[in-house]
Amino acid sequence: MTRPRTGIAVVLNAIGIAVSAACAHPVDAPAPDFTANGGSPVGMPGMTAPASPPPAQPTTSTAAALRPAAGIAVDISNFAFAPATLTVKVGDPVTWTNHDEEPHTVAADDGSFHSPGMGTNATYTFTFTAPGSYGYICTIHPFMHGTVVVTA
Ligand code: CO
């Protein structure tokens with residue numbers, strides 16, 4: 001459907017480096033949820049064990065970790081996409097949710113996807129099948145810009 005272009009690939013790499021430098025895991029953790037990294041073994045096993053009683057939070061962390069696997073979310077709020085630039089992998093479904101009172105759309109610059117008008121709390125999901133940098137706008141408010149960078 002979408003033709004990869006050499007120029008876009010260069011931009012894609014530049015964006016990827018910039019994002020990587022700014023944030024540790026933009027791909028796997030779209031939301032700044034620190035509990036998502038709680039599973040990584042850092043060390044110090046047992047040192048803080050006596051200080052705090054074992055809470056029942058591991059179950060909550062597991063449940064929260066399952067949400068990103070089902071899709072990656074972009075919020076539409078106050079006439080803006082958040083995050084405005086999102087990096088995903090091929091095959092990742094991206095879901096936009098309109099939190100505004102006003103209707104919005106999500107339309108790719110290259111026509112690869114185009115949502116219908118989305119009312120309040122409506123969602124639109126698109127699964128990217130080819131690497132590239134996909135700019136998109138809200139056709140109702142063309143000043144609303146977003147980009148999804150899809151990596152192989
Ligand atoms: Co709009």
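Both ligands and their constituent atoms are indexed starting at 1 by order of listing. The model shown is predicted, which means the values in this text are computed figures rather than measured ones. Every heavy atom of this structure was used, including side-chain atoms; hydrogens, water molecules and symmetry mates were not.
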Practice task
With sequence neighbours left out, write down each residue that passes side chain to side chain contact (heavy atoms under 4.5 Å, CB included) with Thr120, or none if nothing qualifies.
Solution key: Glu101
Fill in the blank from the handout: For His99, the side chain to side chain donor-acceptor pair (under 3.5 Å) test, sequence neighbours excluded, returns Asp75
Completion exercise
So CH2 of Trp96 and OG1 of Thr123: to nearest 0.5 Å the spacing works out to 11.0 Å
Exercise for the section: Check the Co ion (ligand 1) and write out every protein N, O or S atom at under 2.8 Å, as residue and atom. Expected result: His104 ND1, Cys138 SG, His141 ND1, Met144 SD
Practice task
Quick one: do Phe128 and Phe126 satisfy ring-ring contact (aromatic ring centres under 6.0 Å, His included)? Show the steps, please.
Solution key: CA-CA 6 Å; Phe128 292 86; Phe126 182 78; 4.8 Å; yes
Practice task
Would you check if the side chain of Asn98 reaches a backbone N or O of Ala122 as a donor-acceptor pair within less than 3.5 Å?
Solution key: no
Which pairs would a plain distance check flag for residues 139-146, meaning a side-chain donor or acceptor within less than 3.5 Å of a matching protein atom at least two apart in sequence or in another chain?
{"unit_1": "Thr139", "atom_1": "OG1", "unit_2": "Thr105", "atom_2": "OG1", "d": "2.7"}
{"unit_1": "His141", "atom_1": "ND1", "unit_2": "His104", "atom_2": "ND1", "d": "3.1"}
{"unit_1": "His145", "atom_1": "NE2", "unit_2": "Pro142", "atom_2": "O", "d": "3.3"}

